[in-house]
Every structure is written in structure tokens, then in C-alpha cells.
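The structure appears below as C-alpha cells.
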Amino acid sequence: MEDNLPVNVREYQELAKKALPKMHYDYINGGAEDEYTLRENIAAYGRILLRPRVLIDVSKIDMSTTLLGYNMSSPIIVAPTGAHKLANPEGEVATARAAAACKTVMVLSFSSSCKIEEVASSCDAIRFYQLYVYKRRDVSATLVRRAESLGFKAIVLTVDTPVLGRREADIRNKMVAPRMPNLEGLMSFDDDLDSEGGSKLERFAHETLDPSLSWKDVEWLKSITSLPILLKGIVTAEDARKAVEVGAAGVIVSNHGARQLDYAPPTISVLEEVVKAVAGAVPVLVDGGVRRGTDVFKALALGATAVMVGRPVFYGLAARGEAGARHVIEMLNRELELAMALCGCRSVAEVTRRHVLTEGDRIRALL
């Protein structure tokens, strides 16, 4: 083993910052506008306290769970983030192998810098495919069919991006849209986009993302695939109920890593609202701001079936390639196992609402 391995996600973040060009680190790490939501995604976890139960036999801890009928070794899964080759030349293939080694689900991004086929053939694992619905529906339809034929088990439709959020670091750095080999042959790219006053990424998004995306497009997607569809980017009870009504197989509470709408609520603060609205009809997942196993524990206590981790895996990949990505997932798993033991929970099912004290709980206690 190497000496001085990082002992937590934050140390991996520091290594990633040193390893990456500023433009690429800022792209991975940045958020929209004032980055209020970016900070709050992490800070909101810090305002939730744990209520440990003691004198329980915790000699055996079982972190395994299921999602859409698939077995997972823990409730931590890899969130869809684009352009992994910015972090490491092996890109998503390395991330896929890291996830497979940890027996966890990886959600492959539409903006992957490796072809869907390369990722599918890299290793044997349960994988989901994340999709944007583009102005050209045929492009989205082709990608869904490719993912389905390659054995991906679900489609994760991102619904919070009718237009691209304003990411000021990317504008300042004149960030270039990373190559998207999965779109080659499906769409033409103008490499010399004149990007006065913005990032080339913004220009690309403006030309491709469909601002008319609506609930009827979820119906359209259901009509072209037999795969279950999870909707990613829901932060209100109203939209959670609509998601169930249109037949979504799952809901992902997400604010796009705080990269879309600044001053959207931190995801952990609205998780419970969404869970109550869904009322057990479908699984609810959450992403954004997870940096510790205790964060995962808090999300489980507030009703999440699983937790998606994005930037931390990217940090691991940037710092130490596949081994780093794997180590990040393993560290979070070990931290979760420890939190479960110290809170007296022997299985994921034993993690309940009684194990956490939220800001809301503290306010209600005063009334």
C-alpha cells in the first residue's frame, strides 16, 4: 500500500485540487452563481445531529440493501457526473471498475467521456444510464436504445436542466465543453463556437438542451423503453407526487450538485418532504453534499433508500485513478458501518427517523 493514503473525502479533494488544471477543478467543484446552495448542500448535513442508541449487540452489521429489485452491498451508489477523462485518462471505465469492485451501482452520465459500449464491456455490474432529453428526440431515443441493449438496468432522467445554470467559474475560465463520444455521429459539433461573454459549455447547452421539456416527455420516454425510469432533480412534494402519478419508478432528490438554480434548498433539508409525499410508492434517493458516512446515515434516517455520491468519486479518480475512486467508496462505506454500529443499527432497515435530530425537530421542541 502507498504511504499516507488520504483518510477522508476532504483530503482527496485537496489532492484533486493539486492534480488538476484550475479550469477542470473549478468545473468539477463549482456551483451556480453565488454558490449558496453549493455550500448549503454540505452545511445542512452539519446541522443534523445523531441520536445513538447503546447496549445493542452490533457485532454483525449488514449494510446491504436493494434498489428496484437489485441487490447492493451498501446504500451508496455512484452519481452521474460527466467527463471523467478530465480527472483520469481511463475516465468512466476506471470509475465503473471501482464501483464494480465495491459491488455498487454506477449511474453513467450522458456526458461520459467514454463510450457507453466501453463502459458496458469493462466489467460486470449493475449500471443505470442518465439521460437528458435533447431538442432532437431521436438522439435521446438512440442513446436509450443503446443503453438498454448493453444491459443497463434503468434510465435516470435529469429533469432540472431545461436550460443550463449559470456557473460563473466556467464563464471566467472560458471552459470548453468536454468531448462527448456518445454523441459522435448523432450530432455535429462546432469546435470553433464563438463564446463571447460565456463558456463554450453554455453555448453547447443552449443549442442542445430542450427548454420545452415537460411531464408529457416522461410519458414519451416510457413509451420507447421498458426500463424503469427514475426522475432526478426533484426537490418539492408537489413534483414528487406528480412523478409517482406519471409512473416514475423512483425519485432522486437533487439540485444538480448546486450547479443549476442557486438558492434552491439543500437536498437533505427537503428529503423528508419528498419521502412523505411519495408515501412509499417508489424509492427515494438523494444526492448533493455527501462527504461522510454519517451523512449517508442521516439520509437513510430521513427516508432515503440510497444515496448518490458524485464529486467525492471524481476527487478519488483525479488523485489516484481507479484505486482512488474505489478507496473513496470504501471509505464512505466504512464510515457508514461505523456510524450504524455506534448508533445501534445492525441493518439499514434499523436506521429510523428516531436516530436523527434535525433543525426542524429542535424548533418544534421549543414550541
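Keep in mind it's a predicted model, so treat the numbers as computed, not measured.
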### Message
Quick check: is F204 connected to L143 through a chain of hydrophobic side chains (ILVMFWY, heavy atoms under 4.5 Å apart)?
### Response
yes
### Pairwise distance CG(L302) to CG(L271) - rounded to 0.5 angstrom
5.5 Å
### Task
Working to the nearest 0.5 Å, report the span between OG1 of T81 and CG of L317.
8.5 Å
### Query
When rounded to the nearest 0.5 angstrom, what distance separates CD1 in I234 from CG in N255?
13.0 Å
### Query
Cluster question for you: counting only ILVMFWY and a side-chain heavy-atom cut-off of under 4.5 Å, with indirect links fine, are F128 and V253 together?
no
### Query
Is R203 paired with E207 through a side-chain N to carboxylate O contact shorter than 4.0 Å?
yes
### Message
Rounded to the nearest 0.5 Å, what separates atom NZ in K174 from atom CE in M23?
### Response
9.0 Å
### Query
For residues 330-344, which residue pairs qualify under salt bridge (charged side-chain N to carboxylate O under 4.0 Å, His left out), counting only residues two or more places apart or in two chains?
R292-E335, R326-E330
### Query
Can a cation-pi geometry be assigned to R320 and Y12, taking NZ or CZ under 6.0 Å from the six-membered ring centre and within 45° of the ring axis?
no
### Task
First locate atom CG of L342, then atom CZ of F297, and finally report the distance between them rounded to the nearest 0.5 Å.
9.5 Å
### Query
Is it true that the side chains of E92 and S109 contain a donor and an acceptor less than 3.5 Å apart?
no
### Query
Do any N or O atoms from the side chain of D34 and from the backbone of Y36 form a donor-acceptor pair under 3.5 angstrom?
no
### Task
Mind checking the CD1-CG spacing from I252 to L231? Nearest 0.5 Å is all I need.
8.5 Å
### Query
Would you say E33's side chain and L261's backbone share a donor-acceptor pair under 3.5 angstrom?
no
### Message
Any donor-acceptor pair under 3.5 Å linking the side-chain atoms of D210 with those of Y132?
### Response
no
### R166-Q260 side chain donor-acceptor pair, cut-off 3.5 Å
no
### Task
State whether D217 and R137 are salt-bridged, where the test is any N-O pair (Lys NZ or Arg NE/NH1/NH2 against Asp/Glu carboxylate O) under 4.0 Å.
yes
## Note on the structure
What one should report as the nearest heavy-atom pair of L38 and G30 is CD2-C, 4.1 Å
